[in-house]
Amino acid sequence: MSKDKIQFVDLSAANEAIRPTLDRVWAETVATTGFVGGAAVERFENSFADYCQADRCVGVANGTDALELILSGLDIGRGDEVIVPANTFIATAEAVVRAGAVPVFVDVDPDTALITGDAVRAAITPRTAAVMAVHLYGQTVDVDDLRSATDPAGIAVIEDAAQAHGAEWRGRRSGSLGVAAGFSFYPAKNLGAFGDGGAVTTDDQQLADRIQVLANHGRSATSRYDHELVGRNSRLDGLQGGILSAKLEGLDAANAARVAAAEMYRSSLPAWARPLAVADGASPVYHLLVIRCALDEGTGGRDALGQALDRAGIGWGLHYPTPCHLQPAYADGEPKPLPVTEELAGSILSLPMHPHLDRSDVDRVCEVLSDFHAA
Ligand SMILES: *Cc1c(COP(=O)(O)O)cnc(C)c1O
């Protein structure tokens, strides 16, 4: 079966298979009027905590809020520094600034593009309160290496697991690898809602309680009209809770399909287009399939490759072309160079990746790449 285009992500295929369940979720929401929070959200929180091997899950409005609420819940803010890999989506740094703390950007590992213990060790100051362990592209950070830097210094490891639902490090799931983890359910993530959504997972009961209060206008859990903390409004909708519960059941199968597609890519991509490395101990879930392009000048480089993919009707993206420390809103004076991140920003490219890619899709993408270099 030939298709005209190969989409970068496919947000519709997965819904067809569970349409009756989705219809039931809608009918239940209408019948129960559990529009914000409520039983459907609690059910999802319980199953997602279990899924992540964590004791608690608190649903919130989006992934950025999840990260900010973890920081505020831990009393990290004004006067504190938080170490952030410069190679991440801007929201990681945004959450730190919103919480009142200062992001300190560090370089990443050249093979995995993830934060390392060495980079963290070199950036620790007396003000360092936490590290954002960003499991970027669906691969967990080497948390043993990271904790060799943070544990002696008493620094909290906060997981940014927005791209890593179900990813594991030595058999432990993302969401259980630090003090707390922030997840996003933005529709294109591995577990996506029908709108924005997010969650915090943690084993710390007090932290979970505090985040629940902070995310609901600081309202006391026991006394409805008492506001012990200045909170905010960052809640998960009942409809999203129901949809997420339905989709969670298919998450492992969807992740396995991503892994299978990644293996096809690995075996068929030309030598100049290598996917990022997978560290020993990591079981990634391929939120994105990121290659590093080692292209000769004569080919026109990455821009020309993008045009060739466009012509062939193949979706692609750049994650991320401008690192956080060089973004106008975050570049503080003259940012110190972070050579690995900067090199990656100029050479990475993301190919189509979603659970509904088949062999012929992957072969077609790989063919376009092979032909591009031969041309
Ligand atoms: C998507 C994402 C976020 C933010 O999630 P939202 O739900 O969009 O707020 C944070 N960090 C990373 C790495 C992400 O990919």
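Counting starts at 1 for both ligands and their atoms, following the listed order.
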ask   = What distance separates T29 OG1 from I243 CD1, expressed to the nearest 0.5 Å?
value = 7.5 Å
task = Could you label the plane-to-plane angle of the Y137 and Y320 rings as parallel, tilted or perpendicular, counting under 30° as parallel and over 60° as perpendicular?
result = parallel
query = Going by the atom numbers of ligand 1, which of them fall below 4.0 Å from some non-hydrogen atom of A91?
reply = 3 (C), 4 (C), 10 (C)
query = Does Y186 reach ligand 1 with a nitrogen or oxygen that is under 3.5 Å from one of the ligand's nitrogen or oxygen atoms?
reply = no
message = Any nitrogen or oxygen of D196 lying under 3.5 Å from a nitrogen or oxygen in ligand 1? Just yes or no.
response = no
key: Aromatic plane relationship, H319 with F8 - under 30° parallel, 30 to 60° tilted, over 60° perpendicular   = parallel
ask   = Looking at the rings of F185 and F44, which for Trp means the six-membered one, are their centres under 6.0 Å apart?
value = yes
query = Side chains of D142 and T116: closer than 4.5 Å at any heavy-atom pair?
reply = no
note = Taking only non-hydrogen atoms of N62 and a 4.0 Å limit, the atoms of ligand 1 in range are 7 (O), 9 (O)
message = So, regarding D160 and ligand 1 (criterion: nitrogen or oxygen to nitrogen or oxygen, under 3.5 Å), is there a contact or not?
response = yes
query = What do the steps show when you test D160 against K189 for salt bridge (Lys or Arg N to Asp or Glu O under 4.0 Å), and what is the final call?
reply = CA-CA 13 Å; D160 179 340; K189 309 286 181 172; over 6 Å; no
task = Could you name the option among S184, G192, P187, G182 that has the heavy atom nearest to atom 8 (O) of ligand 1?
result = S184
inquiry  = Suppose we measure from atom 9 (O) of ligand 1 to each protein heavy atom; which comes out shortest, and what is that distance?
reply    = T64 OG1, 2.5 Å
key: Transitive ILVMFWY cluster of W169, excluding itself - 4.5 Å side-chain cut-off   = V143, L177
Within-cut-off N or O pair, G63 and ligand 1, under 3.5 Å = yes
ask   = What do you reckon, does K189 have a nitrogen or oxygen under 3.5 Å from a nitrogen or oxygen of ligand 1?
value = yes
